[in-house]
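Source: prediction; values computed, not measured.
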Amino acid sequence: MEKTRILLAEDDDNLGFVLEESLERQGYEVVRCVDGIQAKAAFHEGHFDLCLFDVMMPQKDGFTLAREIREKDQTTPIIFLTARSLKEDRIEGFKIGGDDYLAKPFSMEELILRIQAVLRRTGVSVDGDPSRTKFEIGAFTFDHSRHELTINKSTRKLTDKEADLLMLLCTHKNAILDREVALGRVWGEQGYFTSRSMDVYISKLRKHLVDDPRVEIENVRGKGFKLVVREE
């Protein structure tokens, strides 16, 4: 069985060494880079299941690096590591396409748990395909690149936001999709009106998925949503 590959970009030599050694002890294969330019080159040279990017790096910061990667790759999970814990920075990270945001100092135990949670909910580590755009949702087939949801040879065209939100739910299938993550990734901001807008789109998706009773989008009080696909 191939090891899960992690791309680590951290300019602090001491922290980078500790992270690399600790992750390898957990069974991960780690490629460590000391700046964003080196990390971008490494990313395009090989497949990675997850990226860990320090935000404040020389030559190319973590946000810029992630933004450039997201231009071609929408699904490989990215976790940001940063000494800054401002709400604005977290929103910026999610807006760019990050999957999680961990403020320094943090424990290795917490980092490992965050990595496991992200890999579990994205599904990238299962199929190993960072360019995945097609998903099976019960009796439905969802093609994000075409914005099409198909069941029994009947195809429904989705709007941009419907397709983006459904893709996030698919990559978190049977796990919780945090409201903050969804708002940042799909709407690019948080607020009362964007939050209400998301609730409207969740309702629209529920109507689109009503033809298969095994499929349900559940509200998780105080946290977010969960796309549940029940076995027959």
Item to complete: Using the rule that two of Ile, Leu, Val, Met, Phe, Trp, Tyr join whenever any of their side-chain heavy atoms come within less than 4.5 Å, decide whether Val34 and Leu52 are in one cluster.
Response: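 As far as the 4.5 Å side-chain criterion goes, Leu52 and Val34 are not connected within one cluster.
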Rounded distance [0.5 Å steps], [atom1] in [X] versus [atom2] in [Y]:
| X | Y | atom1 | atom2 | answer |
| --- | --- | --- | --- | --- |
| Ser154 | Asp211 | OG | CG | 7.5 Å |
| Leu149 | Thr141 | CG | OG1 | 8.5 Å |
| Thr82 | Phe106 | OG1 | CZ | 10.0 Å |
| Leu177 | Leu227 | CG | CG | 9.5 Å |

[X]: side chain to side chain donor-acceptor pair (under 3.5 Å) partners, not counting sequence neighbours:
| X | result |
| --- | --- |
| Asp35 | Gln59 |
| Glu110 | Arg114 |
| Asn219 | Arg206 |
| Asp13 | none |

Pairs where [range] contributes a residue and the test salt bridge (Lys or Arg N to Asp or Glu O under 4.0 Å) is met, not counting sequence neighbours:
| range | result |
| --- | --- |
| residues 62-71 | Lys40-Glu68, Lys60-Glu68, Arg67-Glu92, Arg70-Asp73, Arg70-Asp99 |
| residues 219-228 | none |
| residues 149-171 | Glu148-Lys157 |

Worksheet entry | With sequence neighbours excluded, residues passing salt bridge (charged side-chain N to carboxylate O under 4.0 Å, His left out) with Asp212 |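 In terms of salt bridge (charged side-chain N to carboxylate O under 4.0 Å, His left out), with neighbours along the sequence ignored, Asp212 is linked to Arg214.
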Worksheet item: Who passes salt bridge (charged side-chain N to carboxylate O under 4.0 Å, His left out) against Asp143, sequence neighbours left out?
Response: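 Checked Asp143 against salt bridge (charged side-chain N to carboxylate O under 4.0 Å, His left out); matches are Arg146.
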Discussion item. For Arg179 versus Arg196, what's the shortest heavy-atom pair and its separation?
Written reply: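 Taking every non-hydrogen atom into account, NH2-NH2, 3.8 Å.
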Fill in: Nearest heavy-atom neighbours spanning Asp54 and Asp11
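Asp54 and Asp11 have their closest heavy atoms at OD2-OD1, 2.9 Å.
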Worksheet item: Which pairs, with at least one residue in residues 199-221 and sequence neighbours excluded, count as a ring-ring contact (aromatic ring centres under 6.0 Å, His included)?
Response: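 Listed once each, the pairs are Trp187-Tyr201.
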Worksheet item: Any ring-ring contact (aromatic ring centres under 6.0 Å, His included) pairs touching residues 50-83, not counting sequence neighbours?
Response: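 Every pair satisfying ring-ring contact (aromatic ring centres under 6.0 Å, His included) with a residue in residues 50-83: Phe63-Phe80.
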Discussion item. Tell me every residue that passes side chain to side chain contact (heavy atoms under 4.5 Å, CB included) with Leu113, counting only those two or more places apart in sequence or in another chain.
Written reply: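 Leu113: side chain to side chain contact (heavy atoms under 4.5 Å, CB included) contacts with Glu109, Gln116.
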Item to complete: Hey, can you tell me if Phe142 and His144 have their rings parallel, tilted or perpendicular (30° and 60° cut-offs)?
Response: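 Judged by the thresholds at 30° and 60°, the geometry between Phe142 and His144 is perpendicular.
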Fill in: Result of checking His172, Glu218, Met198 against Phe225 for side-chain contact (heavy atoms from CB on, under 4.5 Å)
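So the option named by the test is Met198.
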Practice prompt. With Ile6 as reference, evaluate Leu119, Val31, Asp49, Ile115 under the side-chain contact (heavy atoms from CB on, under 4.5 Å) test and give the passing residue.
Written response: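 When side-chain contact (heavy atoms from CB on, under 4.5 Å) is applied between Ile6 and each of Leu119, Val31, Asp49, Ile115, only Ile115 qualifies.
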Fill in: Thr4-Glu29 side chain donor-acceptor pair, cut-off 3.5 Å
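No.
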Worksheet item: Can you name the one residue among Glu20, Glu10, Glu21 that meets salt bridge (charged side-chain N to carboxylate O under 4.0 Å, His left out) with Arg32?
Response: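 Among Glu20, Glu10, Glu21, the one meeting salt bridge (charged side-chain N to carboxylate O under 4.0 Å, His left out) with Arg32 is Glu20.
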